[in-house]
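One is the number of the first residue; the rest follow in order along the sequence. Whatever order the structure lists them in is the order used to number ligands and atoms, beginning at 1. Model, not experiment: these values are computed from the prediction.
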Amino acid sequence: MNELQKKDLEYIWHPCSQMKDYEKLPPIVIKNGKGVYLEDVDGNKYIDAVSSWWVNLFGHSNDRINKALYNQASTLEHVIFAGFSHEKAIELCERIIKVAPKGMKKVLFGDNGSSAVEIALKLSFQYHMQVGKKKKTKFIAISDAYHGETMGALSVGGVDLFSSMYKPLLIETIKVNGPDCYRCPYNKNRETCNAECFESMEKAIKENHEEITAVIIEPMIQGAAGMKMYSPNYLKKLKKLCDEYDINLIADEIAVGFGRTGKMFACEHAGISPDIMTVSKGLTAGYMPMSLVLTADKIYDAFYDDYETMKAFLHSHSYSGNPLGCAVAVETLKIFEEENILDTIDKKSKYLKEKIESTLLDIEYVGDYRQLGMIGAIELVKNKETKEAFPWQDRIGYKIYQLALKKGVLLRPLGNVIYFMPPYIITKEEIDIVVDTARECIEEYFSNNK
Ligand code: PMP
């Protein structure tokens, strides 16, 4: 352990970590990043195959974004956003509305994904109170959903690992079984099914619609649950039923937005437009903590009135509309437009698919392979036939992560799911290194643990 690592452990409590683990594998202290590479203080380099928790789009220390950030910092770093505004916020919101699903008309600011989810939940609840649907106080929580770590976000999530400890504190929700395509109880295939699994949602909505304010969903991919992908038909059915029963549809595009699935926003795969949409992560290309909540006119209109009616949305964050974040986000959207990023994603995701298919699928323990756009994932199972999972206590993903680090690749699996979600600037050669390394590490793990 080097001196910096010792000091780190003396003072820092890292996110989503059992700190005791760091005694064996201390936090890697990164000195700089360039492109897909991160370099630590000892000179070791790592390919960032998970875009540093799904945020980075165009590589570390990107020249265009650096410049935009520098220029903004030397002009205006921050200004209170109630009663004041600034050019970059205005430009950002105009640009985002142009590329968002049609129907998204107004933009609110948060400072991270979870705060955007809190805003979305509060907006939906208050909307229904203000349009006179006072019984609509409940949210639907889909199994395996993930929407962040704050209390509201945890309440509408469905990953027990993160939420079960806090159950007594969470708001009551209506639970629904979501899609589970790899272990589909209907024996269907996600490419060809008609989202038969929507049955559980349909029943919950039909039985409880008078009480339901919103359904929040990760469009196309449940990220934290292990990149679980499902049919766009599920979203189409959901949109239709939400409209029918006056339930707000909240699309959480925090992980899947900004091209990750091959489209600018994942809702486009189903051709739907939600009532409320949350974005963050790629919004600032991995530079600044910032989030946006986009709303349809009907939501906005229910809050618009004389002050005395007390219908305003009295929610704020100190850093709402932060100019540094806005300048970076504007540059991100410009890069998308000027550098044809969606075309690049199309080409690179095809190559990623080819490479995974030719390199990993013959491994005895690779049960499922799923990919949409630049997100590819394999699920390791004990038995391919029965799809029996490895016990979580084996921490297979974590052990493969350790092996990959030694070989210079940052793969941070989700349980027994190893996934690839690299920055879009990754080259074919770098994709080869990442996927070949994954194979070597999986083989090494299993040959030592038979
Ligand atoms: N929603 C989704 C779909 C996410 O993937 C995440 C983060 N992984 C969040 C919300 C929460 O975002 P943050 O970590 O910025 O609070």
I'd like to check which ligand 1 atoms, numbered from 1 as shown, lie under 4.0 Å from a non-hydrogen atom of [X].
| X | value |
| --- | --- |
| Glu218 | 3 (C) |
| Ala255 | 5 (O) |
| Asn112 | 15 (O), 16 (O) |
| Ser114 | 11 (C), 12 (O), 13 (P), 16 (O) |

For this session: Tell me, please, whether Tyr445 has Lys399 positioned over its six-membered ring: NZ or CZ under 6.0 Å from the ring centre and within 45 degrees of its axis?
Result: no
Problem set entry | Lys281 and ligand 1 - part of the residue with a heavy-atom distance under 4.0 Å | side chain
[X] versus ligand 1: do any nitrogen or oxygen atoms come within less than 3.5 Å of each other?
| X | value |
| --- | --- |
| Gly113 | yes |
| Asp252 | yes |
| Trp54 | no |
| Ser280 | no |

Exercise. Within 4.0 Å of atom 15 (O) of ligand 1 (strictly less), any protein heavy atom?
Worked result: yes
Problem set entry | Exercise: do Thr261 and His269 side chains pair donor with acceptor under 3.5 Å | yes
For this session: Take Arg395 and Asp21 through the test salt bridge (Lys or Arg N to Asp or Glu O under 4.0 Å) and record every step on the way to the result.
Result: CA-CA 12 Å; Arg395 304 186 77 189; Asp21 283 345; 2.8 Å; yes
For this session: Kindly indicate, with the supporting measurements, whether the criterion salt bridge (Lys or Arg N to Asp or Glu O under 4.0 Å) is fulfilled by Glu357 and Lys353.
Result: CA-CA 6 Å; Glu357 282 179 347; Lys353 182 167 188 282; 3.2 Å; yes
Problem set entry | His60 and Tyr37 aromatic centres sub-6.0 Å | no
For this session: Identify, with sequence neighbours excluded, every residue that meets salt bridge (charged side-chain N to carboxylate O under 4.0 Å, His left out) alongside Asp343.
Result: none
For this session: Would you mind checking if Lys34 and Glu39 are paired as a salt bridge, meaning a charged N to carboxylate O distance below 4.0 Å?
Result: no
Problem set entry | salt_bridge(Lys334, Glu337) N-O dist < 4.0 Å | no
Exercise. Starting from atom 4 (C) of ligand 1, which protein heavy atom do you reach first, and at what distance in Å?
Worked result: Tyr146 CD2, 3.8 Å
Problem set entry | Among Val55, Val156, Thr150, Ile254, closest by any non-hydrogen atom to atom 9 (C) of ligand 1 | Ile254
